[in-house]
Structure formats: structure tokens, C-alpha cells
Amino acid sequence: MPRIDLNSDLGESFGPWRMGMDREVLACVTSANVACGFHAGDPSCMVRTVKAAREAGVAVGAHPGYPDLVGFGRRNLACTPDEVYADCLVQIGGLAAACRAAGVPLQHVKPHGAMYNQAAKDAALAEAVAWAVRDAAEGVILLGLANSLFEEAARKAGVSFAAEAFADRSYQADGSLTPRSRPGAVISDPDEAAARVVRMATEGTLETVDGAMLHLRPHSICLHGDNPEAVALAAKIRKALEDAHVTVTPLKEVLFS
């Protein structure tokens, strides 16, 4: 029986400003990527989110990004590999401390936004992220884009790698995500998104924006939950997977069971 993890980016509120529907999303996913304060979130939000994930029985991961609160970490920055390493090391370390305080293990690290997209195509940046994962905490999984440079970087650093795909994003023929600035980058039809996820989990295939067939078998699917429609989509996708007899379980269970 196929197994897959469902993850979502959470803990993105900052001070009195609130973003996302974290508690509702936690009912749908098995792993949470918690923002670490550089692109979103703050220390209090990190602690609250880790505790909420623990209460929901959801595994916790760190979600480091570029130091870009104004741009929500989605703007490409000219950071050197050393800077990316240091930024990730500090962010992962902070989230690991929040996990220790809550009595839960840090399961994985998933880079955010522009850092994620740039490192997926830049070996030096991917390796900087992977080495930060290795040095910040023991036994932590690097979660990155399927069929990208993250996998080789994880191998070089000696950390476990998990391949990720996106439920509501379209793909280019090279396996990269369609930039958000282009038409069709985001899939808004719930039935289409659910069908795509089931196909990835059971067949390991996905149709790209130009009609080509992409082969990928992700360990984890990213679901978004920043509005009621996104939460409903997340619930629909989980039900579609379960109806297709796919076991939905945390990332460590997918990789090591």
C-alpha cells in the first residue's frame, strides 16, 4: 500500500498580525513546516505552533527562509552559500530548541520560498542548506523539491532526503515549479488538484503545463492553508488519498517504515 506525508507551512503570524488557519490545517496534515522568524513568524509564534502541532499529533519541521519579512521570503536574494548556511543554522537551531521545550522531536527541515527555489537549481546553495541541516540537529530529514539538486546535496552531507511535490502548483517540463508570475502557476480546481496528488502517490506521474509527462514519486505533498478554500482543498486531498487506499502518515514513517 502506498504511503505519503502531507505537509503545510505554518506559524507565519507575526506579533499582532495573523496569517493562515493553522489549527484547521493541522487537522488535515501529518507534518508541519514552522516558520523560523526570518521570512515570517516570531519566537512566540514558533513556540505556540510547535505546541499546537504536538496537541494535534502532527510532526514538526523547521521552515527557514531568507531574511526578508517584507517580501515574505519570496524575493531572490544574492546570498552566498556561507550566508545561507549561517541563516539556516540559526533558524533550525531556534526551532529545535522550541521542539525540545515542547517535548517533540524535530523531524525535518524544508527551506522556504526563494531559498527553496534557488537552491533546487544551485548546487552550492543546496549543499549549504544540507550542511546546516546536518550541523544543527541530529537525525533530521531534508525535505526538498523532487528531482532537484537537494537530493545530491543531502547525500554529500550525509542526511536523509525526502522528495516533495505540490498539490496546487503546476510544473515545468524540467521538474521545476511554474513561477507564480505566469498564468496557470496555481491550480485552483479542487478536483484537479486531488486527482493530481492521487496520481503522484499511486503512479508516480504528473502532467506538466505543456502536456509532457513528468515522473516523480514524492514522499510528501505540500498543502497550503492560508484561507478557507485552501483548508477545504487540503481536506479534500486527504480524503481522496485515503479513498485510493494511500496511507497518510508523517514523513519519518514514509521514509523509514
Side-chain angles (χ1 to χ4, degrees), residues 3-37 39-65 72-73 91-92 94-113 116 140-141 143 162 164-169 190 193-194 197-198 201 218-243 246-255 257:
R3 304 163 70 88
I4 202 158
D5 171 58
L6 297 179
N7 77 78
S8 189
D9 304 341
L10 305 177
E12 295 175 335
S13 299
F14 186 84
W17 183 75
R18 292 290 177 262
M19 179 174 182
M21 303 179 67
D22 288 8
R23 290 197 178 272
E24 293 84 352
V25 173
L26 285 169
C28 302
V29 301
T30 46
S31 294
N33 317 309
V34 182
C36 300
H39 75 277
D42 60 34
S44 294
C45 185
M46 291 164 65
V47 170
R48 287 196 309 270
T49 307
V50 169
K51 289 181 178 178
R54 179 193 64 194
E55 293 167 4
V58 172
V60 177
H63 196 38
F72 195 63
Q91 292 178 79
I92 298 166
L95 204 281
C99 286
R100 283 195 299 273
V104 298
L106 178 64
Q107 175 187 248
H108 68 278
V109 172
K110 172 189 166 181
H112 167 79
Y116 182 101
V140 177
I141 301 163
L143 177 59
E164 179 184 41
F166 290 77
D168 61 353
R169 295 292 304 276
V197 170
V198 170
H219 301 102
S220 186
I221 299 290
C222 180
L223 308 176
H224 293 108
D226 54 357
N227 60 69
E229 291 76 17
V231 174
L233 174 60
K236 186 179 186 69
I237 288 171
R238 177 154 188 166
K239 184 177 186 305
L241 286 166
E242 292 170 344
D243 288 347
V246 176
T247 299
V248 180
T249 190
L251 192 55
K252 276 197 171 181
E253 300 297 322
V254 175
L255 283 184
S257 294

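None of the values given here were measured: they were computed from a predicted structure.
- Taking all atoms of both residues into account, the shortest heavy-atom contact from N7 to S220 is ND2-OG, 2.7 Å.
- Here the closest heavy-atom approach between residue L106 and residue A96 is recorded as CD2-CB, 3.9 Å.
- Screening residues 17-31 for side chain to side chain donor-acceptor pair (under 3.5 Å), with sequence neighbours left out, gives D5-T30, D5-S31, S31-Q107.
- Nearest heavy atoms, G11 versus A35: O-CB, 3.4 Å.
- Two residues are said to be in side-chain contact when any heavy atoms from C-beta on lie closer than 4.5 Å; R169 and C222 fail this criterion.
- Rounded to the nearest 0.5 angstrom, L255 CG and I141 CD1 are separated by 4.5 Å.
- Here the rule is side chain to side chain contact (heavy atoms under 4.5 Å, CB included) with I237, and of L223, V248, V29 only L223 fits it.
- A distance of 13.0 Å separates NZ of K236 from SG of C28, quoted to the nearest 0.5 Å.
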Residues 43-62, side-chain donor-acceptor partners within the protein, below 3.5 Å, at least two apart:
residue: T49; atom: OG1; partner: C45; partner atom: O; Å: 2.7
residue: R54; atom: NH1; partner: A102; partner atom: O; Å: 2.9

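- Considering all non-hydrogen atoms of both residues, I4 and P218 come closest at CD1-O, 3.8 Å.
- Looking at V25 and L10, their side chains come closer than 4.5 Å, going by heavy atoms from C-beta outward.
- Among residues two or more places apart in sequence or in another chain, the side chain to side chain contact (heavy atoms under 4.5 Å, CB included) test is passed with T249 by R3, T247, E253, V254.
- For the pair M19/F14, no side-chain contact is recorded, criterion being any heavy-atom separation below 4.5 Å from C-beta on.
- To the nearest 0.5 Å, the span separating NE2 on H224 from CD on E229 amounts to 15.0 Å.
- Scanning for ring pair (Phe, Tyr, Trp, His ring centres under 6.0 Å) contacts around F72 gives H39, H112, with sequence neighbours left out.
- Annotation: side chain of L6 is in contact with side chain of L241 (closest heavy-atom distance under 4.5 Å).
- The ring pair (Phe, Tyr, Trp, His ring centres under 6.0 Å) check on H108 picks up nothing, with sequence neighbours excluded.
- Applying the salt bridge (charged side-chain N to carboxylate O under 4.0 Å, His left out) rule to K252 yields no partners; only residues at least two apart in sequence or on another chain are considered.
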